[in-house]
Amino acid sequence: MKKSGSLLALALIALVASLPAIAAAETGARAIPDHVALTWAGDPKTTQTITWRCSADVKAGTVEYAIGTSLGAETKKVSAKAAPYKSDLGVDSLFTATLTGLKKDTVYAYRVGDGSSWSETATFRTAGSGDFEFLVFGDSQSGSADKPVYDPWRATLRAAFDANKDARFFVNMGDLVEIGYMQAHWNAWFDAAKGVIDRIPEMPVQGNHETYVDGGETVMDKPVSWLGQLPTPQNGPAGLKGQVYGYSVGNVDFFVLDSQEDEESPKYGDILAAQAAWLDKALAASTADFKIAFFHKTPYYNKAARANEAVKATFCPILEKHHVDIVFNGHDHGLSRTYPVKGDSFFSDPKDGTVYYVTGRSGNKYYNDLTNKFWNAFFYDPQDQGVYLAVNVAGKKLTVTARKADGTVLDVYAIDKAGSGSTITPAPARFNATRTAAFGNFLVGSAMNPSLARKGASGAWFCDLNALAAYLGATVTTGDGTAEIALGKLVARIPAEGLALESGKPALVSVDALKSLGISATYYPDLNVLSLVR
Ligand SMILES: [Fe+2]
Ligand SMILES: [Fe+2]
């Protein structure tokens, strides 16, 4: 095949601003390339982006590539763009090249280097039009700024790759590393990913930890190290290019979003509105058999008391309006799958709604406060080892299989658009008496009665303050027709409805009065559940 591949070297994102003072420590880079990473910044069928680093004295980089599993007489050469890569450990040279004009569904051999020092020869394979499989990994971070421990990430990734050799690419769901601006974490992350990320492309999602500038997690900024080392398609909204993007493989369109409103908005302003407009337009234009979205923070979470209401309110109505089939999230380190959702109603058949899948953890960090929620059809807390998802697309059937690193199957979920092979998860029945939930968990009332929520004479909802306080770890003092709730530094005096406000007895308070504590309420009429979130 002599067709000349045209050359398009990607302009490297300038890595500037807000980096902490450069320490004298070694960066770990050498003359021989390392951190060799495949991503798709262009069309997965016809391009391949390759990024690597060398020590700062290496100023030029080349990719040699050829169809097949080894380089030979037909080998082509492409020059890479080189740029200084600044981190807290020093300055390296970072090289990026995008090979273009490639043949679809074709194996290529390649190596990178400066003409004298070369990486080992590896292979990549361009995307095709037919059936394919990809891998999804929840948070791979170490869990400690001081300890860049990425052996569990290595173990999960290797196990997933070894068990799914046909996987065409993989996705990290954000929080790849513990501190985005600490290169020691990236060095350990890339070392763990070697042997996979140089063979199948990574299509990363950004997490909140990618914005962390220091180990104290108090200073946040653009995820420059994530952006620089893992180049992605530049087709997102202005100001968020690389962090928000779309791509297509086979009959699936993928949409990657940035949920880090809390971390980025203080410095860069609102980031959600521009994404909403972009997403609505991109989804409206999609004609693919399947639509899949990825973003880090969870609209349907599994932490005990952590919600992401602004992200949910912005993204979910658009995702559900266009019937995105599956949304993958990270951040909570648990593994969970909702019933198909549309507009806060839950369905049994995936044809009726969008399924939200929280992807567990692939790395060292796990939480001890994960709980199942009323919106989940499946929940698993991966305490003992990392987990991963393999997503298989065969014609009009998409199957998600969740496994432990050791291969144990935890969940299988199928969406079949051509036949009757979809997984049906009977939606929960409606309660006769209203239940109150906090962060998706049903409250148990003071008198062990879970059904205390009710509408007052004015039509406003009332709930049992004692049960809510018990869940939140707040204290309640009652008397004189009012209840006082102390939640952290917040104290609110709330009129309680005409009940004897004795200790241990229900204190029914209007949920509207809880707004001063940052608590909001949603009523789910299909379930007869009053859901409180803070
Ligand atoms: Fe995380
Ligand atoms: Fe996170």
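We're numbering straight along the sequence, starting at 1.
In terms of modelled atom types and a separation under 3.5 Å, the side chain of Thr423 and the main chain of Tyr413 share no donor-acceptor contact. Not a single donor-acceptor pair under 3.5 Å links the side chain of Asn376 to the backbone N or O of Phe379. A donor-acceptor pair under 3.5 Å is absent between the side-chain atoms of Asp175 and the main chain of Asp139, judged by distance alone. With Gln260 contributing its side chain and Gln206 its backbone, the two residues share a donor-acceptor pair below 3.5 Å. Of the possible polar contacts, none joining the Asn164 side chain to the Asp166 backbone as a donor-acceptor pair under 3.5 Å is found. Not one N or O on the side chain of Lys396 forms a donor-acceptor pair closer than 3.5 Å with the backbone of Val393. Side-chain atoms of Thr408 do not come within 3.5 Å of backbone N or O of Lys404 as any donor-acceptor pair. A side-chain donor-acceptor contact under 3.5 Å links Ser259 to the backbone of Lys297. Remark: side-chain polar atoms of Thr75 are paired, donor with acceptor, to backbone N or O of Gly72 under 3.5 angstrom. In terms of modelled atom types and a separation under 3.5 Å, the side chain of Thr354 and the main chain of Val324 share a donor-acceptor contact.
Of all non-hydrogen atoms in Leu319 and Leu279, the two that sit nearest each other are CD2-CD2, 3.8 Å. Closest of all the heavy-atom pairs between Ala402 and Leu389 is CB-CD2, 3.3 Å. Taking every heavy atom of both residues into account, Asp406 and Gln385 meet most closely at N-OE1, 2.9 Å. Minimum heavy-atom separation, Leu38 to Ile200: CD1-N, 3.8 Å. Nearest approach of Pro382 to Tyr380, heavy atoms of both residues: CD-O, 3.3 Å. Of all heavy-atom pairs between Thr98 and Thr47, the closest is CG2-CB, 3.9 Å.
When side chains are defined from C-beta on, Pro231 counts as touching Thr51, because their heavy atoms get closer than 4.5 Å. Taking the side chain as every heavy atom from C-beta outward, Phe328 and Ile292 approach each other to under 4.5 Å. At a threshold of 4.5 Å between non-hydrogen side-chain atoms, the residues Phe170 and Phe161 do not count as touching. Counting heavy atoms from C-beta on, the side chains of Tyr268 and Leu240 never come closer than 4.5 Å. No side-chain heavy atom of Ile67 sits under 4.5 Å from any side-chain heavy atom of Val107.
Note that OG of Ser225 is 10.0 Å distant from CG of Leu230, once rounded to the nearest 0.5 Å. Taken from CE in Met173 to OH in Tyr357, the straight-line distance is 12.5 Å, to the nearest 0.5 Å. The structure places CD of Gln183 at 6.0 Å from CG of Leu89, a figure rounded to the nearest 0.5 Å. In this structure, Thr39 OG1 and Gln48 CD are separated by 7.0 Å, a value rounded to the nearest 0.5 Å. To the nearest 0.5 Å, atoms CG (Leu94) and NE2 (His35) are separated by 10.0 Å. A distance of 9.0 Å separates CG in Leu157 from CD in Glu202, rounded to the nearest 0.5 Å.
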Problem - CA sep, side-chain torsions, deciding dist, call: Phe95, Cys54, side chain to side chain contact (heavy atoms under 4.5 Å, CB included) - result: CA-CA 8 Å; Phe95 300 93; Cys54 292; 3.8 Å; yes

Exercise for the section: Output, in order, the C-alpha distance, side-chain angles, deciding distance and verdict of side chain to side chain contact (heavy atoms under 4.5 Å, CB included) for Ile179 and Asp214. Expected result: CA-CA 7 Å; Ile179 305 293; Asp214 66 340; 5.9 Å; no

Exercise for the section: Evaluate the side chain to side chain contact (heavy atoms under 4.5 Å, CB included) criterion for residues Arg125 and Tyr108: first the C-alpha distance (whole Å), next the side-chain angles of each, then the deciding distance (0.1 Å), finally the verdict. Expected result: CA-CA 6 Å; Arg125 184 177 179 184; Tyr108 287 81; over 6 Å; no

Exercise for the section: Using the side chain to side chain contact (heavy atoms under 4.5 Å, CB included) rule, take Val256 and Val244 through it: C-alpha gap first, then chi angles, then the decisive distance, then the call. Expected result: CA-CA 5 Å; Val256 181; Val244 177; over 6 Å; no

Exercise for the section: Could you walk me through whether Phe294 and Phe255 pass the ring pair (Phe, Tyr, Trp, His ring centres under 6.0 Å) test, one step at a time? Expected result: CA-CA 6 Å; Phe294 301 101; Phe255 306 86; 9.6 Å; no

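Between Tyr110 and Tyr65, the ring centre distance reaches or exceeds 6.0 Å. Aromatic ring centres of Tyr150 and His185: separated by under 6.0 Å. Aromatic pair His333/Tyr367: ring centres closer than 6.0 Å. The aromatic ring centres of Trp40 and Phe169 sit less than 6.0 Å apart.
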Review item, side-chain donor-acceptor pairs of residues 126-136, under 3.5 Å, at least two apart:
unit_1: Thr126; atom_1: OG1; unit_2: Lys103; atom_2: O; d: 2.6
unit_1: Thr126; atom_1: OG1; unit_2: Asp105; atom_2: N; d: 2.8
unit_1: Thr126; atom_1: OG1; unit_2: Thr106; atom_2: N; d: 2.8
unit_1: Thr126; atom_1: OG1; unit_2: Thr106; atom_2: O; d: 3.4
unit_1: Ser129; atom_1: OG; unit_2: Lys104; atom_2: NZ; d: 2.7
unit_1: Asp131; atom_1: OD1; unit_2: Gly395; atom_2: N; d: 2.9
unit_1: Glu133; atom_1: OE2; unit_2: Asn392; atom_2: ND2; d: 3.3

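Asp258 and Gln275 share no donor-acceptor pair across their side chains, judged by distance under 3.5 Å alone. Side-chain atoms of Glu210 and Gln141 form no donor-acceptor pair, as typed in the model, at a separation below 3.5 Å. Between the side chains of Ser55 and Asp57, a donor-acceptor pair is found at a separation under 3.5 Å. A donor-acceptor pair shorter than 3.5 Å cannot be found between the side chains of Thr298 and Asn302. Counting only N and O atoms by type, the side chains of Thr156 and Ser362 include no donor and acceptor under 3.5 Å apart. For the residue pair Asp92/Thr27, the side-chain donor-acceptor check at 3.5 Å is satisfied.
Applying the salt bridge (charged side-chain N to carboxylate O under 4.0 Å, His left out) definition to pairs two or more places apart or across chains, those involving residues 177-200 are Glu120-Lys194, Glu120-Arg199, Arg154-Asp191. Identified under the ring pair (Phe, Tyr, Trp, His ring centres under 6.0 Å) test for residues 211-241, with sequence neighbours left out: His209-Tyr212.
Remark: Asp280 pairs with Ile318, Lys321, His322 by the side-chain contact (heavy atoms from CB on, under 4.5 Å) rule, at least two apart or across chains. Scanning for side-chain hydrogen bond (donor to acceptor under 3.5 Å, both in side chains) contacts around Asp253 gives Ser248, Ser286, with sequence neighbours left out. Applying the salt bridge (Lys or Arg N to Asp or Glu O under 4.0 Å) rule to Asp369 yields the partners Lys303; only residues at least two apart in sequence or on another chain are considered.
The only member of Asn329, Asn172, Asn208, Asp332 that meets side-chain hydrogen bond (donor to acceptor under 3.5 Å, both in side chains) when paired with His296 is Asn208.
A salt bridge links Arg53 and Asp34; the closest N-O separation between the charged side-chain nitrogens and carboxylate oxygens is under 4.0 Å. Using a cutoff of 4.0 Å between basic side-chain nitrogens and carboxylate oxygens, Lys417 and Asp289 are not scored as salt-bridged.
In this structure, Lys373 fails the cation-pi test against Phe439, since its NZ or CZ atom is not both closer than 6.0 Å to the six-membered ring centre and inside 45 degrees of the ring normal.
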